[in-house]
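Beneath this line is the structure, given in structure tokens, with notes to follow.
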Amino acid sequence: MLEFEKYHGTGNDFVLIYIKDDKQHAYSALAVELCDRHFGVGADGLLILERSDQADFKMRIFNQDGSEAPMCGNGIRCVAKYVMDKGLIEGDTCVVETMYQKIQVSAVRVDGKTLYRINMGSPIYDTSKMPVLFDKSEFQNESIEVDGQVYTLSALNMGTIHAVTFVDEIDQIDIDLVGSTIEQYTYFPQGINVDFCKVIDPHTLKVTTWERGVGRTMSCGTGVSASVAQGIREGKLKSPVKVLVTGGELLIEKRASEYYMSGPAVHVFSGQY
Ligand SMILES: N[C@H](CCC[C@H](N)C(=O)O)C(=O)O
């Protein structure tokens, strides 16, 4: 019997399992089984919470297709809520080890609600530090034609790898077709998450993400952070930026060179599998 929790962060939903022993389990196969929306519990990803000797806890994130990702911005808020609500940590701040780096998350009260604020760190643009096959030092504003439309893409790492594109209208794009085509482009041998962005005004952005290993999701925390970082770099946006995603709203703030993301984390139910 497996005890699990179901969480979501702005509609990006997860099965969360706290592993208390030091055994290695077949998480990839478990993610495929549990995340299946018809034959399993149903989720975008599986979050594995483990003990860590470098931080308060360790989080691993497996996509719906069983692939492991280095970081998950919405997932880490759910992990923070779990450890704080269960009293596994004292206080309102925790440090979580991820495959990407150690990440600090704090619970903050905003307008009577508890939000979780993550230090997402600084974006990486250097192609030699990303799984990107490209002969220039940065992959910035490259034109790619898909389905008769030209998309201007910029790739950056904000915990995981993202291709950000600014468009006039998101709703008119066949996200499934364009997202999956860009995800599999030869430049990106390990695939890439694709963020379609529409600037509403310098402090408001709308983002829809096509996630590698999942498909179109209601929200992607690293994607929203990467999109704002790219928008600020191009002078299209100014911090703070409110980001509208299908499943709600996230706030991104830039302080010095680092990005902070604040958003909700919701416990949906507990279960046994
Ligand atoms: N939804 C997640 C990101 C998952 C990334 C994953 N799809 C990959 O890089 O393979 C987030 O909130 O940041």
Side-chain angles (χ1 to χ4, degrees), residues 6-16 27-28 31-32 35 42-49 59-82 96 98-101 103 105 115-121 123-124 129-132 155-164 175-176 179-180 182-185 187-197 205 207-230 243-252 259-266:
K6 181 78 195 290
Y7 275 87
H8 80 84
T10 49
N12 193 191
D13 62 343
F14 308 98
V15 170
L16 186 156
Y27 296 127
S28 182
V32 173
C35 294
D44 293 329
L46 171 64
L47 297 170
I48 299 292
L49 181 64
M59 176 189 82
R60 293 177 71 185
I61 162 76
F62 293 84
N63 292 316
Q64 205 179 63
D65 73 349
S67 57
E68 186 167 7
M71 217 314 252
C72 180
N74 287 324
I76 207 162
R77 294 200 312 278
C78 297
V79 161
K81 178 172 172 60
Y82 176 84
V96 183
T98 68
M99 199 197 270
Y100 177 59
Q101 61 186 33
I103 307 269
V105 192
L115 299 182
Y116 296 84
R117 178 177 291 155
I118 310 162
N119 180 346
M120 301 291 295
I124 298 169
K129 294 187 180 139
M130 287 190 273
V132 171
L156 63 156
N157 187 349
M158 196 78 223
T160 185
I161 182 175
H162 285 270
V164 173
I175 304 276
D176 297 4
S180 62
I182 295 171
E183 179 197 348
Q184 289 157 32
Y185 221 79
Y187 290 131
F188 314 120
Q190 293 176 24
I192 197 159
N193 302 289
V194 189
D195 305 288
F196 298 88
C197 307
L205 182 71
V207 179
T208 299
T209 304
W210 171 270
E211 284 193 39
R212 88 178 153 180
V214 191
R216 183 203 292 235
T217 56
M218 285 202 176
S219 171
C220 178
T222 50
V224 159
S225 307
S227 302
V228 170
Q230 186 64 32
V243 185
L244 313 173
V245 293
T246 313
E249 256 181 52
L250 292 163
L251 182 75
I252 307 292
Y259 283 83
Y260 288 78
M261 173 172 66
S262 305
V266 177

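For ligands, and for the atoms within them, numbers begin at 1 and follow the listed sequence.
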### Message
Which residues pass the ring-ring contact (aromatic ring centres under 6.0 Å, His included) test with Tyr7, not counting sequence neighbours?
### Response
His267
#### Entry: Pick from Gly9, Gly73, Ser67: the one approaching atom 11 (C) of ligand 1 most closely through a non-hydrogen atom
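Answer by nearest heavy atom: Gly73.
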### Query
Who's closest to atom 3 (C) of ligand 1 heavy-atom-wise, of Thr222, Asp44, Ile118?
Thr222
### Message
Under the criterion side-chain contact (heavy atoms from CB on, under 4.5 Å), I'd like the reasoning laid out for Asn12 against Glu211: C-alpha separation, chi angles, the key distance, then a yes or no.
### Response
CA-CA 11 Å; Asn12 193 191; Glu211 284 193 39; 3.9 Å; yes
### Query
Going through the checks in order, is the side-chain contact (heavy atoms from CB on, under 4.5 Å) test met by Asn74 and Leu250?
CA-CA 10 Å; Asn74 287 324; Leu250 292 163; 4.1 Å; yes
### Query
For Ser219 and ligand 1, does the shortest N/O to N/O distance drop below 3.5 Å?
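Ser219 vs ligand 1: no N/O contact under 3.5 Å.
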### Message
When you compare ligand 1 with Gly221, is there at least one nitrogen or oxygen pair between them that comes in under 3.5 angstrom?
### Response
yes
### Message
If we only consider heavy atoms of Cys220, is any one of them less than 4.0 Å away from an atom in ligand 1?
### Response
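Within the 4.0 Å threshold, so yes.
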For [atom], grab the closest protein heavy atom and report residue, atom and distance to one decimal in Å.
atom: atom 10 (O) of ligand 1; result: Arg212 NE, 2.6 Å
atom: atom 2 (C) of ligand 1; result: Cys72 SG, 3.2 Å
atom: atom 9 (O) of ligand 1; result: Thr160 OG1, 2.7 Å
atom: atom 4 (C) of ligand 1; result: Glu211 OE1, 3.2 Å

### Validation row: Thr10, Arg77 side chains within 4.5 angstrom (heavy atoms)
yes
### Message
Quick check on contacts: which atoms of ligand 1 are under 4.0 angstrom from a heavy atom of Asn63?
### Response
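With Asn63 as reference, the close atoms of ligand 1 come out as 6 (C), 7 (N), 8 (C), 10 (O).
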### Task
With heavy atoms of Asn74 as the reference, note each atom of ligand 1 found under 4.0 Å away.
11 (C), 12 (O)
#### Entry: Arg212 versus Thr160, side-chain donor and acceptor atoms under 3.5 Å
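Thr160 vs Arg212: donor-acceptor pair found between side chains.
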### Task
Could you give me the CA-CA distance, side-chain angles and deciding distance for Phe14 and Ile61, then say whether side-chain contact (heavy atoms from CB on, under 4.5 Å) is met?
CA-CA 9 Å; Phe14 308 98; Ile61 162 76; 4.1 Å; yes
### Message
Applying a heavy-atom cut-off of 4.0 Å, say which part of Ile161 lies close to ligand 1: side chain, backbone, both or neither.
### Response
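Within the 4.0 Å criterion, Ile161 makes no contact with ligand 1.
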### Task
Could you check Val207, Leu205, Thr208 and say which one makes a side chain to side chain contact (heavy atoms under 4.5 Å, CB included) with Asp195?
Val207
### Derivation of the side chain to side chain donor-acceptor pair (under 3.5 Å) call for Thr222 and His162
CA-CA 8 Å; Thr222 50; His162 285 270; 2.9 Å; yes
